[in-house]
Protein chains: 2
Amino acid sequence: MPPLDPFVAVADPTRRAILDRLRRGEAPVAAIAADFAMSRPAVSKHLRVLREARLVRDRPGGADGRQRVYALTAEPLREVLEWTAAYQTFWRATLGTLKRHVEARRAEDA
Amino acid sequence: MPPLDPFVAVADPTRRAILDRLRRGEAPVAAIAADFAMSRPAVSKHLRVLREARLVRDRPGGADGRQRVYALTAEPLREVLEWTAAYQTFWRATLGTLKRHVEARRAEDA
DNA sequence: AGGATCCGTAACCACCCGGTTACCCATCTC
DNA sequence: GAGATGGGTAACCGGGTGGTTACGGATCCT
């Protein structure tokens, strides 16, 4: 199974919110689902997508054997960060358009 | 019209490739479409999505009045970069899991 | 043992998305 | 003026997505 494209996994705001939640520490499904106004199976499906993108890891709950504890494994976001970072140079140029282009030229010449 | 979520705009690999293309300079539609194995209307639709996300700007072509010249306006990617950057700390921790957590704790204490 | 709880999956649904072909308008070219 | 060309839109289509309810399996509780 090839991992799911992280850009796709992160396109949904609910899934981003889940990852944001997991930044504050691992959590069982019930705790995650409590933050959202949707049914628990819907959250389960989002978690599956995040799993397929390798953005979360799930562990059988230690204390309560029924729980599954999800934890953040953010490494696939590196690709997103690196792709996006390549554009950082450009949005300074958006208004004047010239300033950064000029600086880039100057860098080439140097 | 509220702008389209940049995360959604960037979720499609074709759209990312179009933006990559525009990083090398503005271009008319035909030049962009030449890079892809799909019909020109399909490219037009992708360009529309990028427009709705404010990621490209389109200008009437100067020399040939039939052309529309597209240019990159990358600023909406700032949101993507900033959200993703917040996770950079975590993927170092993925293997050992502990190292960064420890450092974060240390930062809290300090 | 019996019932409640945690979680996943199945089946279903409305809608959106990415692609196609067909068509149209505007502009350039001869 | 006639035809070719650049590019957008419309209509359509298959497949995927995000939500729901219903169900089932495993574990905990008493």
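Reminder, nothing fancy here: chain letters follow the sequence lines and each chain counts from 1. No hydrogens, no waters, no symmetry mates; every other heavy atom, side chains included, goes into these values.
As a whole-Å value, the separation of Leu50(A) CG from dG18(D) P is 11 Å. Met38(B) has its CE atom 22 Å from the P atom of dC13(D), to the nearest Å. One interatomic measurement links the two molecules: CG of Asp58(A) to P of dG8(C), which rounds to 7 Å at whole-angstrom precision. The nearest whole Å value for the distance from the CD1 atom in Ile18(B) to the C1' atom in dG7(D) is 14 Å.
Distances were taken from every side-chain heavy atom of Ser44(B) (C-beta onward) to each of dG7(D), dG18(C), dG19(C); the shortest belongs to dG7(D). For Pro41(A), the listed nucleotide lying nearest its side chain is dT9(C); candidates were dA22(C), dT9(C), dG7(D). When distances are taken from the side chain of Lys45(B) to each of dG7(D), dG19(C), dG18(D), the shortest belongs to dG19(C). Of the candidate nucleotides dT9(C), dT21(D), dG19(C), dT9(C) has the atom nearest to the side chain of Arg48(A). Distance from the side chain of His46(B) is smallest to dG19(C) among dT9(D), dG19(C), dA10(C). Comparing dG18(C), dC7(C), dT20(D) against the side chain of Pro28(A) picks out dC7(C) as the nearest.
Heavy-atom nearest nucleotides on DNA chain D were determined for Ala37(A) and for Val8(A), and the one closer to the 5' end corresponds to Val8(A).
Contact annotation for Arg15(A): backbone-only contact, meaning every heavy-atom pair under 4.0 Å involves sugar-phosphate atoms and none involves a base. Residue-level contact check: Ala42(A) touches the bases, meaning some heavy atom is under 4.0 Å from a base atom.
The shortest heavy-atom contact between Pro76(A) and Ala53(A) is CG-O, 3.4 Å. Here the closest non-hydrogen pair linking Ala31(A) and Arg21(A) is CB-NH2, 4.0 Å.
Formation of a donor-acceptor pair under 3.5 Å by the Arg16(B) side chain with backbone atoms of Val10(B) is found in this model. Between the Tyr70(A) side chain and the Ile32(A) main chain, no donor and acceptor come within less than 3.5 Å of each other. The backbone N or O of Ala33(B) lies less than 3.5 Å from no partner atom in the side chain of Arg40(B), so there is not a single donor-acceptor pair.
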Practice task
Take Val56(A) and Leu22(A), measure what side chain to side chain contact (heavy atoms under 4.5 Å, CB included) needs, and give me the verdict at the end.
Solution key: CA-CA 9 Å; Val56(A) 298; Leu22(A) 291 178; 3.6 Å; yes
Problem - Full working for side chain to side chain contact (heavy atoms under 4.5 Å, CB included) between Phe7(A) and Glu79(A) - result: CA-CA 9 Å; Phe7(A) 286 91; Glu79(A) 182 185 348; 3.9 Å; yes
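When the C1' atoms of four end pairs are superposed on the next four at each end of the helix from dA1(C)-dT30(D) to dC30(C)-dG1(D), using five pairs per end, the two resulting axes differ in direction by 20°, to 10°.
Atom CZ of Arg59(A) has more than 12 heavy atoms from other residues, nucleotides or ligands within 6.0 Å. Taking a 6.0 Å sphere around CZ of Arg23(B), one finds it holds more than 12 heavy atoms contributed by other residues, nucleotides or ligands.
Regarding contacts with the backbone of dG8(D), a side-chain N or O of Tyr70(B) is found under 4.0 angstrom from either OP1 or OP2. Dashed line: the shortest gap from a side-chain N or O of Ser39(A) to OP1 or OP2 of dT20(D) is under 4.0 Å.
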Completion exercise
Counting primed atoms, P, OP1 and OP2 as sugar-phosphate and everything else as base, the B/S/- map of nucleotides 23-30 of chain C against protein heavy atoms under 4.0 Å is ---BBS--
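The pair Glu26(A)-Arg57(A) does not count as a salt bridge, with every side-chain nitrogen at least 4.0 angstrom from each carboxylate oxygen.
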